[in-house]
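Accompanying notes for the structure given below.
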Amino acid sequence: MSDGGSKNYSLTGKRVWINGYRGMVGQALVRQLETIDCEILRTTSEELDLRRQADAEDWMNEKKPEAVFLCAATVGGILANNTRPAEFLYDNLAIEANVIHGAWRTGVEKLLYLGTGCMYPREAPQPIPEDCLLTGPLEPTNEWYAVAKIAGLKMCQAYRRQYGCDFITALPTNLYGPGDNFDPKDSHVIPALILKAHAAKADGAKAMEVWGSGTPLREFLYVDDAAKVLVFLMQAYSEEAHINVGLGKELSIREVAETIVRVVGFEGELVFDTKKPDGMPRKLLDASRLSKLGQSSATGLEDGLNRTYAWFLENKA
Ligand code: GDP
């Protein structure tokens, strides 16, 4: 599936736009791009509402980004995904449509669109290979988000086919790290459990609640490792097919919770609330396409959690 675009696209000297830069991935991308001699353009949803086509195109016409990391998205954990379907669908469709179409209109040289493991079918084979996209029904707790994100991937492919745009899609596994969202309304499991363990320890509580059965399996990638790979892909990957960004290693939610309480220093009991949803039983990405490109990650979970907790203590506690 190799085609027209450049597999040797240097970001050096380029105007590189990171939208959604207050988000965890946006911030990690900025840290990574600061090691390259390029001009970093950054916007947040307060400064530029990418759901508005005219605003998105005016901004792109004026600033003329040459490379775009499309990270802006309405995102959230299992509760938010399950209870705000309209926002997850509309916001993400509008953002992708406006940025991808605008990128074509304004002559962006390269665009990397961030997908998500939720885009794969609920019953996908594990580890999940790239080519099982759209082969079965989605996980119901996040299908709204997944449908919107799949549309963005298809837009990248369509603009490549019809207009020759060098737009690629990378599909990272669950990410965590400094800058994560710790708001219990819409956080993912790692920041949610860090916050709960921290509060339980401070209150001298005997127990702490973990949602679901503790048996679902997830893999977790430290965000700076992911950013390094994304910057690599921006410069070295140019295929119509999307590429998974993962580790190929997974652990149960119970194991994650146990590691988190150890890092935070909470010594009470874990109580599993099985009235809360488990979501996907397993979500392990097949990372072999990425490893063939010589990319792997270094940060172990406990090390990454220590850094994340340190960031939390400094910024959120
Ligand atoms: P998912 O990967 O899309 O399912 O999103 P999450 O990161 O929100 O949830 C991952 C798993 O962790 C699910 O099985 C949740 O039920 C479980 N989990 C356990 N405790 C929590 C919690 O306090 N918050 C969240 N968001 N998930 C939790």
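Quantities reported herein were computed from a predicted structural model and do not represent experimental measurements. Quick note: numbers below take in every heavy atom, side chains included, and nothing from hydrogens, waters or symmetry partners.
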Exercise: identify the closest heavy-atom pair between A200 and A207
CB-O, 4.5 Å
Do you know which two heavy atoms are closest between A226 and L221, and how far apart they sit?
CB-CD2, 3.8 Å
Do V68 and V16 land in one hydrophobic cluster if side-chain heavy atoms of ILVMFWY residues count as linked below 4.5 Å?
no
With the 4.5 Å side-chain cut-off for hydrophobic clustering, are V245 and L29 part of the same group?
yes
Side-chain (R122) to main-chain (P137) donor-acceptor, under 3.5 angstrom:
no
Cluster question for you: counting only ILVMFWY and a side-chain heavy-atom cut-off of under 4.5 Å, with indirect links fine, are V25 and F182 together?
no
Just by distance, no angles: are the side chains of T74 and E87 close enough, under 3.5 Å, to form a donor-acceptor pair?
no
Mind listing the closest non-hydrogen atom pair of A80 and D186 along with its distance?
CB-CB, 3.5 Å
Could you check whether any side-chain heavy atom of D180 comes within less than 4.5 Å of a side-chain heavy atom of S187, counting everything from C-beta outward?
no
On the 0 to 90° scale, with breaks at 30° and 60°, tag the Y176-F220 ring pair as parallel, tilted or perpendicular.
perpendicular
Give a yes or no on whether the backbone of G13 and the side-chain of D37 come within a donor-acceptor separation of less than 3.5 Å.
no
Residue E34 excluded, over 12 heavy atoms near CD under 6.0 Å
yes
Indicate yes or no for a side-chain donor-acceptor contact from K201 to the backbone of V264 under 3.5 Å, with no hydrogens or angles considered.
yes
Are any side-chain N or O atoms of K64 and backbone N or O atoms of N61, one a donor and one an acceptor, separated by less than 3.5 Å?
yes
Treating R42 as the side-chain partner and R22 as the backbone partner, does any N or O pair qualify as donor plus acceptor under 3.5 Å?
no
Has R31 got more than 12 heavy atoms of other residues, nucleotides or ligands less than 6.0 Å from its CZ?
yes
Walk me through it: do Q295 and K228 pass the test side chain to side chain contact (heavy atoms under 4.5 Å, CB included)?
CA-CA 9 Å; Q295 294 295 300; K228 212 175 279 177; 5.7 Å; no
When you compare the side chain of E302 with that of R262, does any pair of heavy atoms fall below 4.5 Å?
yes
For residues V261 and V189: do they belong to one hydrophobic cluster (side chain heavy atoms under 4.5 Å, members Ile, Leu, Val, Met, Phe, Trp, Tyr)?
yes
Indicate yes or no: at least one non-hydrogen side-chain atom of E66 is less than 4.5 angstrom from one of C38.
no
Between F266 and M208, is any pair of side-chain heavy atoms under 4.5 Å apart?
yes
Check whether any side-chain N or O of N244 sits under 3.5 Å from a backbone N or O of D286 as a donor-acceptor pair, and report yes or no.
yes
With side chains defined as the heavy atoms from C-beta onward, is the minimum distance between L133 and Y120 less than 4.5 Å?
yes
Would you say that V263 contacts T308 through its side chain, given a criterion of any heavy-atom pair below 4.5 Å between the two side chains?
no
Ignoring hydrogens and geometry, is there a side-chain-to-backbone donor-acceptor pair from N82 to I78 under 3.5 Å?
no
Are the side chains of I18 and I40 in contact, using a 4.5 Å heavy-atom criterion?
yes
Working to the nearest 0.5 Å, report the span between CH2 of W104 and CE of M155.
10.0 Å
On a heavy-atom basis, which atom in G115 and which in T169 lie closest, and how many Å separate them?
N-CG2, 4.3 Å
Just how far is it from atom OG1 of T116 to atom NZ of K149, taken to the nearest 0.5 Å?
7.5 Å
Take K63 and R15 through the test side chain to side chain contact (heavy atoms under 4.5 Å, CB included) and record every step on the way to the result.
CA-CA 9 Å; K63 303 288 181 185; R15 280 184 304 280; over 6 Å; no
Close side-chain approach of D224 and T299, heavy atoms under 4.5 Å
no
About how many Å separate CH2 of W144 and CG of L138, when rounded to the nearest 0.5 Å?
11.0 Å
So NZ of K196 and CD1 of I194: to nearest 0.5 Å the spacing works out to 12.5 Å
Short question: side chain of E139, backbone of T141 - any donor-acceptor pair under 3.5 Å?
yes
Is the backbone of W211 close enough, under 3.5 Å, to the side chain of D273 for a donor and an acceptor to pair up by distance?
no
Separation between CG of L11 and CZ of F69, rounded to the nearest 0.5 Å
5.5 Å
Parallel, tilted or perpendicular, judged at 30° and 60°: which one describes the rings of H198 and F312?
perpendicular
Run the side chain to side chain contact (heavy atoms under 4.5 Å, CB included) test on N181 and V75 for me, step by step, so that the C-alpha distance in whole Å, both residues' side-chain angles and the decisive distance to 0.1 Å come before the verdict.
CA-CA 10 Å; N181 168 20; V75 296; over 6 Å; no
Side chains of H242 and Y113: donor-acceptor distance under 3.5 Å anywhere?
no
Any chance you could lay out the side chain to side chain contact (heavy atoms under 4.5 Å, CB included) test for D278 and I253, step after step, and finish with the verdict?
CA-CA 9 Å; D278 270 342; I253 294 300; over 6 Å; no
Inter-residue atom distance K14.NZ - L33.CG, 0.5 Å rounding
14.0 Å
Closest non-hydrogen contact found for T173 with L285 is N-CD1, 3.6 Å
Is a side-chain N or O of N98 found less than 3.5 angstrom from the main chain of R51, in a donor-acceptor match?
yes
Specify the closest pair of heavy atoms between I95 and A72, including all atoms of both residues, with the distance to one decimal.
CG2-O, 3.6 Å
